[in-house]
Chemist: 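Below is the structure I would like to discuss, written out as structure tokens.
The figures here come from the full heavy-atom set of this structure, side chains too, leaving out hydrogens, waters and symmetry mates. All figures in this text were calculated on a predicted structure; none of them were measured in a lab. Here, residue 1 is the first one in the sequence, and each next residue gets the next number.
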Amino acid sequence: MTENWVIAAKKADFNEIAEHFGIDPVVARIMVNRGMTDLSEMETYLHGSEEDLNDPHRLKGVEDAARILGEKIRQGRKIRIIGDYDIDGIMATYILLKALQRVGAKADTVIPDRIRDGYGLNEHLVTQAAEDGIDTILTCDNGISAVSQIRLAKELGMTVIVTDHHEVPSGPLPPADVIVNPKQPDCPYPFKGLCGAAVALKLAQVIYEQENVPPSEADDFLAYAGFATVGDVMDLIGENRVLVKLALARLHRTSNKGLRALTLQKNLKPEEITCYHIGFVLGPCLNASGRLETAQLSLKLLLCEDPVQAAVLAQEVVELNESRKQMTELAVREAVQIIEREGYDRDRVMVLFLPDCHESLAGIVAGRLREAYYRPVFVVTRGEDGCKGSARSIAAYSMYEEMCRVSDLFTQFGGHPMAAGFSLKEEDIDHLRMRLNELAALTEDDLQPKVVIDVPMPISYIRPDLIRQLGLLEPFGKGNEKPVFADRDLEILSLRVLGKEGRVIRMRLKSPAGTTLDAVYFGDVENLRLSLEQKYDILTADDTVRGKCTHHAALHFTYYPEIDNYYDEPRIQLKITGFRG
């Protein structure tokens with residue numbers, strides 16, 4: 001797959017910005033590339049602190065929610081928190097349960113079963129709550145679309161408080177007693193991008209203030225809200241960026257026995273946790289319980305106070321995640337075989353039927369295939385009550401809008417431009433594939449991944465101080481991607497293939513100006529080797545490039561500079577992210 005490299009073209013006086021903040025112009029340029037236009041915004045971006053978090057009282061309904069919950073607590077009423085089965089829902093549930101218990105509430109939790117209950121509040125959960133003598137239902141990370149379910153709860157005499165962060169539907173709002181959601185059109189809260197756990201954090205802060213609990217105790221929940229912000233792939237901009245920075249500092253010294261046990265199981269120390277570890281190491285373990293069994297297991301791990309039991313629970317969620325990864329690999333392998341056999345790689349929109357794939361893995365598989373083939377992918381599985389699926393898209397294809405054009409084929413669907421979920425009849429799968437491709441207006445350029453280069457920077461410009469300054473731009477993630485640098489005509493002086501499966505390449509590169517640096521590449525190793533075989537006379541058996549070059553043996557690379565602390569003397573290293581001949 002050929003990448004389309006483009007250079008970010010936003011203009012500003014980078015030297016003036018650099019002088020104001022005492023930073024390198026390269027760092028100033030990256031901030032402008034991320035959409036920042038004024039110095040106060042840049043100041044918060046670089047040096048944001050707890051004082052930059054917004055006042056929770058500005059959330060519409062949060063004071064009423066806290067007041068009602070306070071009244072229920074004093075009356076001894078039973079409160080049930082109903083969350084969701086992903087990281088965000090688990091963390092939001094944890095925050096609200098701990099907060100309510102701290103102020104003396106009779107509170108318990110229910111997290112829906114992904115397969116049996118589906119997403120969010122449903123009638124079964126409502127009627128069960130009524131049978132259990134629950135007075136008040138408090139939702140988190142769900143509820144904004146549960147109109148009929150909340151109407152049933154009200155008919156059964158229950159109080160309902162909704163805390164959510166999802167898009168507000170265009171139709172009538174659910175008849176809850178209070179709704180707390182920053183995306184309500186008339187909510188004055190200035191930042192709309194909070195995750196569900198962050199909304200739960202804001203409610204907990206107001207509850208503690210109302211019940212005269214020291215505010216510092218509510219600050220303990222910052223770690224969980226920040227963890228969820230990364231795990232739920234929220235944009236790391238504005239308040240979210242500050243929240244995650246504060247969360248990482250607290251996670252580095254967390255006393256939560258469950259998190260410490262999980263970190264240990266993954267051969268990490270708490271002080272080593274980064275956004276990468278949340279998104280790709282720890283978070284998937286917590287998610288796995290909700291995919292393959294019940295998310296109550298992950299919640300139990302977070303709540304565990306016994307280190308021995310925490311270690312057992314941590315091992316269980318890690319093993320579930322290993323099972324999830326194995327199942328995913330098998331499903332991806334099967335999908336690739338189908339694509340090659342049926343020629344679906346010629347389709348602009350891929351629709352694959354994997355009847356034996358666990359329905360909770362469909363989205364992961366679709367995402368993997370989207371990355372491999374760079375086109376919209378729909379993965380359909382066969383469930384207990386019909387066919388269900390998940391879809392993942394590319395920038396040029398608005399998934400939800402395109403699904404609306406063939407809505408007659410779905411029994412149920414929902415989503416946003418980049419991802420969606422749906423149900424349909426098995427006999428309509430082929431019709432879906434045909435009609436989506438007939439309607440797709442995707443061009444060949446649309447089906448090429450675009451890489452935006454922040455700065456075309458010669459490797460001779462790199463120095464340790466610049467790398468340290470780039471650390472000011474962290475944490476990286478969605479909405480604040482790691483910067484991309486590029487340099488041309490870098491000669492490969494040596495190359496070694498490393499790792500048990502040969503998926504890592506270590507190189508020594510030389511620039512036209514004579515600068516030499518080590519580099520490491522974790523990408524498409526085979527493709528890079530093929531490119532090199534066209535450049536060199538000899539590629540020896542031990543995978544070290546030697547001998548005369550047949551012609552100018554140099555490639556163009558995108559990269560990110562880092563400090564390699566493996567050696568006695570730390571040294572600059574390039575992490576290669578892409579290459580071209």
Chemist: Looking only at atom types and distance, does a side-chain atom of R253 sit under 3.5 Å from a main-chain N or O of A249, one as donor and one as acceptor?
Modeler: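 Side chain of R253 to backbone of A249: a pair is present.
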Chemist: Quick check on K510: does its NZ atom have over 12 non-hydrogen neighbours (other residues, nucleotides or ligands) under 6.0 Å away?
Modeler: no
Chemist: Verify, without hydrogens or angle tests, whether D141 (side chain) and G89 (backbone) share a donor-acceptor contact under 3.5 angstrom.
Modeler: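 Such a contact is found between D141 side chain and G89 backbone.
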Chemist: With heavy-atom distances below 4.5 Å as the criterion, would you say the side chains of H556 and D489 are in contact?
Modeler: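 Side-chain contact under 4.5 Å: yes.
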Chemist: Do the rings of Y521 and F579 sit parallel, tilted or perpendicular, given the 30° and 60° boundaries?
Modeler: perpendicular
Chemist: Should the pair R34-D454 be classified as a salt bridge under the 4.0 Å nitrogen-to-oxygen rule?
Modeler: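 Answer for the salt bridge query: yes.
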Chemist: Any side-chain heavy atom of P270 within less than 4.5 Å of one from R260?
Modeler: yes
Chemist: Look at R435 together with E438 and state whether they make a salt bridge at an N to O cut-off of under 4.0 Å.
Modeler: no
Chemist: Taking all non-hydrogen atoms of both residues into account, name the closest pair between A288 and L320 and its distance.
Modeler: CB-C, 4.0 Å
Chemist: Between Q469 and D24, does any side-chain donor sit less than 3.5 Å from a side-chain acceptor?
Modeler: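 Result is no, nothing qualifies.
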Chemist: Between R241 (side chain only) and L473 (backbone N and O only), is there a donor and an acceptor less than 3.5 Å apart?
Modeler: yes
Chemist: Does CD in E19 sit with more than 12 non-hydrogen atoms of other residues, nucleotides or ligands closer than 6.0 Å?
Modeler: no
Chemist: Can you list the steps and then say if I364 with R324 is a side chain to side chain contact (heavy atoms under 4.5 Å, CB included)?
Modeler: CA-CA 10 Å; I364 299 176; R324 189 273 307 166; 3.7 Å; yes
Chemist: Are R508 and T516 close enough, and set up right, to give a side-chain hydrogen bond (donor to acceptor under 3.5 Å, both in side chains), and what steps lead you there?
Modeler: CA-CA 7 Å; R508 184 74 175 170; T516 59; 3.0 Å; yes
Chemist: Using only heavy-atom distances, determine whether the side chains of S40 and D38 contain a donor-acceptor pair under 3.5 Å.
Modeler: yes
Chemist: Is a donor on one side and an acceptor on the other found under 3.5 Å between the side chain of K183 and the backbone of H165?
Modeler: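 Between the backbone of H165 and the side chain of K183 there is a qualifying donor-acceptor contact (under 3.5 Å).
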Chemist: With a 3.5 Å distance limit and no angle check, can you tell me whether N437 reaches the backbone of V349 through a side-chain donor-acceptor pair?
Modeler: yes
Chemist: Would you mind reporting whether R368 and E329 have side-chain heavy atoms less than 4.5 Å apart?
Modeler: yes
Chemist: To the nearest 0.5 Å, what is the distance between CZ (F378) and CE (M399)?
Modeler: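 The CZ atom of F378 sits 4.5 Å away from the CE atom of M399.
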Chemist: Backbone N or O of C285 within a donor-acceptor pair of the S289 side chain at under 3.5 Å?
Modeler: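 Not a single qualifying donor-acceptor pair exists.
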Chemist: Go through the steps to decide whether F485 and L470 satisfy the test side chain to side chain contact (heavy atoms under 4.5 Å, CB included), and finish with yes or no.
Modeler: CA-CA 12 Å; F485 302 97; L470 291 174; 4.0 Å; yes
Chemist: Taking the side chain as every heavy atom from C-beta outward, state whether L447 and Y373 have any atom pair closer than 4.5 Å.
Modeler: no
Chemist: Between E167 and K192, is the closest basic N to carboxylate O distance under 4.0 Å?
Modeler: no
Chemist: Among I576, I492, V497, find the one that has a side chain to side chain contact (heavy atoms under 4.5 Å, CB included) with I505.
Modeler: V497
Chemist: Any idea which heavy atoms bring I459 and T515 closest together, and the distance?
Modeler: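 In terms of heavy atoms, the two residues are closest at CD1-O, 3.9 Å.
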Chemist: Does NE2 in H431 sit with more than 12 non-hydrogen atoms of other residues, nucleotides or ligands closer than 6.0 Å?
Modeler: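 At most 12 heavy atoms, drawn from other residues, nucleotides or ligands, come within 6.0 Å of this atom.
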Chemist: Begin with the C-alpha distance, continue with both residues' side-chain angles, and end with the deciding distance and a verdict on side chain to side chain contact (heavy atoms under 4.5 Å, CB included) for V452 and V484.
Modeler: CA-CA 7 Å; V452 179; V484 178; over 6 Å; no
Chemist: Spell out, as yes or no, whether a donor-acceptor pair under 3.5 Å connects the side chain of T381 to the backbone of H358.
Modeler: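 Absent.
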Chemist: What do you reckon, is NZ of K575 surrounded by more than 12 foreign heavy atoms closer than 6.0 Å?
Modeler: no
Chemist: Can you find a pair of side-chain heavy atoms, one from V281 and one from T263, that are under 4.5 Å apart?
Modeler: no
Chemist: To the nearest 0.5 Å, tell me how far T254 OG1 sits from L259 CG.
Modeler: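 So the gap between those two atoms works out to 5.0 Å.
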Chemist: Do the side chains of L436 and Y397 get nearer than 4.5 Å, heavy atoms only?
Modeler: yes
Chemist: How long is the span from the CG atom in L246 to the CG atom in L222, to the nearest 0.5 Å?
Modeler: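 Nearest 0.5 Å value for the CG-CG distance: 6.0 Å.
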Chemist: Rounded to the nearest 0.5 Å, what separates atom CG in D235 from atom CG in L194?
Modeler: 12.0 Å
Chemist: Give a yes or no on whether E322 atom CD has more than 12 heavy-atom contacts from other residues, nucleotides or ligands under 6.0 Å away.
Modeler: yes
Chemist: Once you round to the nearest 0.5 Å, how far does CZ of F227 lie from CG of D232?
Modeler: 12.0 Å
Chemist: Is there a side-chain contact between V520 and D564 in this structure, where contact means two heavy atoms from C-beta onward sitting under 4.5 Å apart?
Modeler: no
Chemist: Is a donor on one side and an acceptor on the other found under 3.5 Å between the side chain of R291 and the backbone of L361?
Modeler: no
Chemist: Just checking, R463 and Y461: is the charged tip under 6.0 Å from the six-membered ring centre and within 45° of the axis?
Modeler: yes
Chemist: Would you find a donor on one side and an acceptor on the other, under 3.5 Å apart, between the side chain of R348 and the backbone of A440?
Modeler: yes
Chemist: First locate atom CD of E359, then atom OG of S390, and finally report the distance between them rounded to the nearest 0.5 Å.
Modeler: 9.0 Å
Chemist: What do the steps show when you test L493 against E491 for side chain to side chain contact (heavy atoms under 4.5 Å, CB included), and what is the final call?
Modeler: CA-CA 6 Å; L493 301 178; E491 184 179 354; 4.1 Å; yes
Chemist: Under 6.0 Å between ring centres: does that hold for F413 and Y400?
Modeler: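 For F413 and Y400, the ring centres are under 6.0 Å apart.
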Chemist: Side chain to side chain contact (heavy atoms under 4.5 Å, CB included) with P475: which of L248, V230, T229, N240?
Modeler: L248
Chemist: Looking at N321 and V317, would you say the former's side chain and the latter's main chain have a donor-acceptor pair under 3.5 Å?
Modeler: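 Side chain of N321 to backbone of V317, a donor-acceptor pair under 3.5 Å: no, none is there.
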Chemist: Would you say that H166 contacts H416 through its side chain, given a criterion of any heavy-atom pair below 4.5 Å between the two side chains?
Modeler: no
